[in-house]
Amino acid sequence: GYEPSKVVPGALARLLLAQERDGSLAYVGSVGTGFKHAEAISLRRQLETMRTDLPAIAKRGNNLVFVPPEPVAESNIELDRRREPAALIV
């Protein structure tokens with residue numbers, strides 16, 4: 001899912017990410033840097049078509065928009081020399 005931008009109309013501010021842990025999805029953070037304005041607008045348009053009222057994770061916040069937990073994009077991250085599984089946009 002995502003949080004809509006308050007600065008760039010029609011864009012997203014950040015993507016919401018989750019990982020599978022012990023058989024269920026858990027919120028693991030967000031990413032909101034590195035997007036050009038046009039990319040942030042395009043991503044929001046794409047995700048808006050997938051919008052759901054049934055979030056797959058327990059995450060509260062103002063104006064958050066959720067999508068089904070499908071592997072739309074994956075990101076492998078490394079923390080403290082430990083490789084983490086891919087994160088899904090939720």
Side-chain angles (χ1 to χ4, degrees):
Y2 66 91
E3 178 182 4
S5 175
K6 296 176 184 174
V7 178
V8 180
L12 58 81
R14 63 188 176 115
L15 294 171
L16 307 175
L17 305 176
Q19 287 180 326
E20 187 174 339
R21 294 188 176 163
D22 299 324
S24 63
L25 287 176
Y27 176 74
V28 294
S30 64
V31 61
T33 61
F35 298 116
K36 295 178 181 169
H37 289 175
E39 292 170 333
I41 291 169
S42 176
L43 278 170
R44 181 173 173 177
R45 285 182 184 152
Q46 291 174 52
L47 292 172
E48 185 65 32
T49 67
M50 301 168 63
R51 185 180 193 140
T52 182
D53 292 330
L54 302 170
I57 58 168
K59 174 72 178 144
R60 293 182 186 212
N62 292 332
N63 302 318
L64 297 181
V65 177
F66 295 96
V67 298
E70 297 178 15
V72 176
E74 292 185 0
S75 173
N76 286 312
I77 57 174
E78 190 172 317
L79 301 171
D80 300 326
R81 300 179 191 254
R82 182 182 83 228
R83 197 142 185 90
E84 292 286 332
L88 302 174
I89 299 172
V90 292

Could you grab the distance from atom OH of Tyr2 to atom CZ of Arg51, nearest 0.5 Å is fine? 5.5 Å
Indicate the atoms forming the closest heavy-atom contact of Glu39 with Gly34, along with that distance. OE1-O, 3.8 Å
Closest non-hydrogen atoms of Val31 and Leu17, given as atom of the first, atom of the second and distance, are CG1-CD1, 4.2 Å
When you compare the side chain of Leu43 with that of Phe35, does any pair of heavy atoms fall below 4.5 Å? yes
Between Gln19 and Val28, which heavy-atom pair has the shortest distance, and what is it? OE1-CG1, 3.5 Å
Side-chain hydrophobic cluster, 4.5 Å single linkage: members besides Val8: Val7, Ile41
Between CG on residue Asn62 and CD on residue Glu3, distance to nearest 0.5 Å: 8.0 Å
Salt bridge flag under 4.0 Å for residues Arg45 and Glu48: no
Closest non-hydrogen atom pair between Arg44 and Ser5, with its separation: NH1-N, 4.3 Å
Between NZ on residue Lys59 and CG on residue Leu25, distance to nearest 0.5 Å: 15.0 Å
For Asn63 and Pro4 the tightest heavy-atom approach is O-CD, 2.9 Å
Tell me the closest heavy-atom pair linking Leu16 and Phe66, and the distance in Å. CD1-CE2, 3.9 Å
